[in-house]
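For clarity, every value in this text was computed on a predicted model and none was experimentally measured. Labels below follow one simple rule: chain letters A, B, ... track the order of the sequence lines, proteins then strands, and each chain is numbered from 1.
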Amino acid sequence: MSVRVRFCPSPTGYLHVGGVRTALFNWLFARHAGGVAVLRIEDTDLTREADGAIEQIQRSLDWLGLEFDESPAKGGPNSPYLQSERLAFYRETALDLVERGLAYRCYQTADELAAARTVARETDDPASATRLHRDLATAEVRAFEAEGRPAVIRLRVPLEGAVTITDLVRGEITWENRLLGDHVICRADGVATYQLANPLDDVLHGMTHVIRGEDLLPSTPRQVLLLEALGHRYPITAHLPMILGPDRKRLSKRHGAASVEEFRDAGYVPESVINYLALVGWSFDDATEIMTVDELVERFSIERVNPAPGVFDHQKLAWMNGVHLRGLAPARYEQALRGYLITSLSALATEPRLGEAVALVQEKVATLGEFEGFAGFLFRGVADDPEALAKVAATERVAEILAACADAIASLEPFTVEGVELALRNVCEELGVKPRVGLLPPRVAVSGRTVSPGLFESIVFLGREETIARLVALSRAIV
RNA sequence: GGCGCGUUCGUCUAGGGGCCUAGGACGCUGGCCUCUCACGCCGGUAACACGGGUUCGAAUCCCGUACGCGCUACCA
């Protein structure tokens, strides 16, 4: 049977790092196996739904290039992919289980439940609190109904036996049924809970594997039991390790950037986000780290997933982003850069010569976010940096150097990178100053800063007139 | 409290009984290269949680302890 997996976020907010990793591993697993990846939205709890969350999740996946074969947006042969569109069916299923005695109505109020729980907690049967209405007499049921008490539906979990799974990441795991308790599969308002909707949809969507976070591991036995009651077999599972913050707690917004969009807005490129995330919890071998998406697809295997949780390392992601940025084909770099500048509402976004500037910065910056500060002078005036100004002003014989540079540039022929380099080095030699000293004034004159892309390339990019104008402007500024 | 999972350098990891005086990468750091920055190159730093077993031999297998995390909702 061909592989079918799903990524099923609930639309409670943006797509966070942990979610992306789950989406990515599912996607890699499917693509590697030539199977199908499904995107399903688990929106059974409308009260928790955030406006626009579905669109935002889809947008994030699109930006990353993780294309799902079946999804709410795309549709597919197993519609719907939105749980809110299948509520009636979940309810019927729950009712059917009640009919068959495999589930039952529980009329406990929240207070009663809470009280029972605290008591049961101290006993050797802590799950008993969930079973209080498991065997209600008909008269009692009638009384509750007459009272108009709302009821939830609980699954009648066997008191004996155990559930054992063989997780692809963790191996064999067993839970005793009696410790599980009778969990709620349908709320008092008639809407199914995750414990019913999720496994049922997995069957309806023909899932062969369930690849999800370790936080969901404890709900596996409940879902296995539910599907058994329904006469289905639970898919093969693979529970991925959690992604932690530096404090070893689950990664969240308080640890800094936690959503895909934040990384995009910080100038990260999908190539590196994917590569980095693939490596938290998985590795190919003892040395390979930098990989393209295609290579990841080819090399990914769930067996090599590490069961231990991992700390998200911003620094390593930043480094990796630089590596990918440097390796990007110029056209792709320009595309990514323009996309970045557009979303960050930069005026540079429409510059026609952006592509030419790529060659000057590609080796220099680790994120697209540095572009504007680093290379903005190529498109507008020099940067305003008093410190740089002070530093040139303190340089010996600045005026002389600037004048000589201007002269050299003025008469230079041909006006090429090599030509400019030769000319400026000659200026240094004639004035008897080392290049690292002599090239500082023209660098500040041209860029406004002490740190810049290659000086000679920058000068050629700006052109003869503009360069001379800037050299002159600086000499005037420092006298 | 109960149940479950986990534990190799600060971090991500390789390792699945002898190849390990534990390898790679990020970070930090010394140096080289160099028009600044960055890249690159050479070097350094730093780990098998602890205690018992099993075995000729354990980072690797088993048990226990400790610690961490997750779950313990009419949230997913």
Visitor: For atom C1', what is the distance between B/G15 and B/C9, given to the nearest Å?
Guide: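 Here B/G15 and B/C9 have their C1' atoms 14 Å from each other.
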Visitor: Does any non-hydrogen side-chain atom of A/I243 lie less than 4.5 Å from one of A/H255?
Guide: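 Not touching, per the 4.5 Å side-chain cut-off.
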Visitor: Might you list the N or O atoms of the protein lying below 3.5 Å from N or O atoms in nucleotides 2-5 of chain B, with each pair's distance?
Guide:
unit_1, atom_1, unit_2, atom_2, d
B/C5, O2', A/R170, NH1, 2.4
B/C5, O2', A/E214, OE2, 2.9

Visitor: Of the nucleotides B/C74, B/A14, B/C37, which has the atom closest to the A/V184 side chain?
Guide: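 Shortest atom-to-atom distance from the side chain points to B/C74.
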Visitor: State whether A/F25 and A/R21 meet the cation-pi test: NZ (Lys) or CZ (Arg) under 6.0 Å from the six-membered ring centroid, and within 45° of the perpendicular axis.
Guide: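 Yes, a cation-pi geometry.
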Visitor: Flag the pair A/W282 / A/F300 as yes when their ring centroid distance falls below 6.0 Å, and as no otherwise.
Guide: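 Yes; A/F300 has its ring centre under 6.0 Å from that of A/W282.
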Visitor: Between A/E289 and A/K316, does a side chain to side chain contact (heavy atoms under 4.5 Å, CB included) hold up when you go through it step by step?
Guide: CA-CA 11 Å; A/E289 292 203 308; A/K316 188 152 184 176; 2.9 Å; yes
Visitor: Would you tabulate the pairs of protein nitrogen or oxygen atoms and nucleotide nitrogen or oxygen atoms of nucleotides 17-23 of chain B closer than 3.5 angstrom?
Guide:
unit_1, atom_1, unit_2, atom_2, d
B/G23, N2, A/D286, O, 3.2

Visitor: Look through every strand shown and name the nucleotide pairing with B/U55 as Watson-Crick or G-U wobble, where both distances are under 3.5 Å.
Guide: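 Because no pair has both required distances under 3.5 Å, B/U55 counts as unpaired.
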Visitor: Does the side chain of A/T367 reach to within under 4.5 Å of the side chain of A/F263, using non-hydrogen atoms?
Guide: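 Sidechains of A/F263 and A/T367: no contact.
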Visitor: Applying the side chain to side chain donor-acceptor pair (under 3.5 Å) test to A/S452, which of A/K364, A/R443, A/E457 qualifies?
Guide: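 With A/S452 as partner, side chain to side chain donor-acceptor pair (under 3.5 Å) holds for just one option, A/R443.
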Visitor: Enumerate the protein-to-nucleotides 31-35 of chain B contacts in which both atoms are nitrogen or oxygen and the separation is below 3.5 Å.
Guide:
unit_1, atom_1, unit_2, atom_2, d
B/C35, OP1, A/R425, NH1, 3.1
B/C35, OP1, A/R425, NH2, 2.4
B/C35, O2', A/R443, NH1, 3.1
B/C35, O2, A/R443, NH1, 3.3
B/C35, O2, A/R443, NH2, 2.5

Visitor: Looking only at atom P, what distance separates B/G23 and B/A47, rounded to whole Å?
Guide: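 Result for the P pair: 11 Å, nearest Å.
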Visitor: A/R154 side chain N/O closer than 4.0 Å to the phosphate oxygens (OP1, OP2) of B/C74?
Guide: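 A/R154 to B/C74 OP1/OP2: side-chain N or O found under 4.0 Å.
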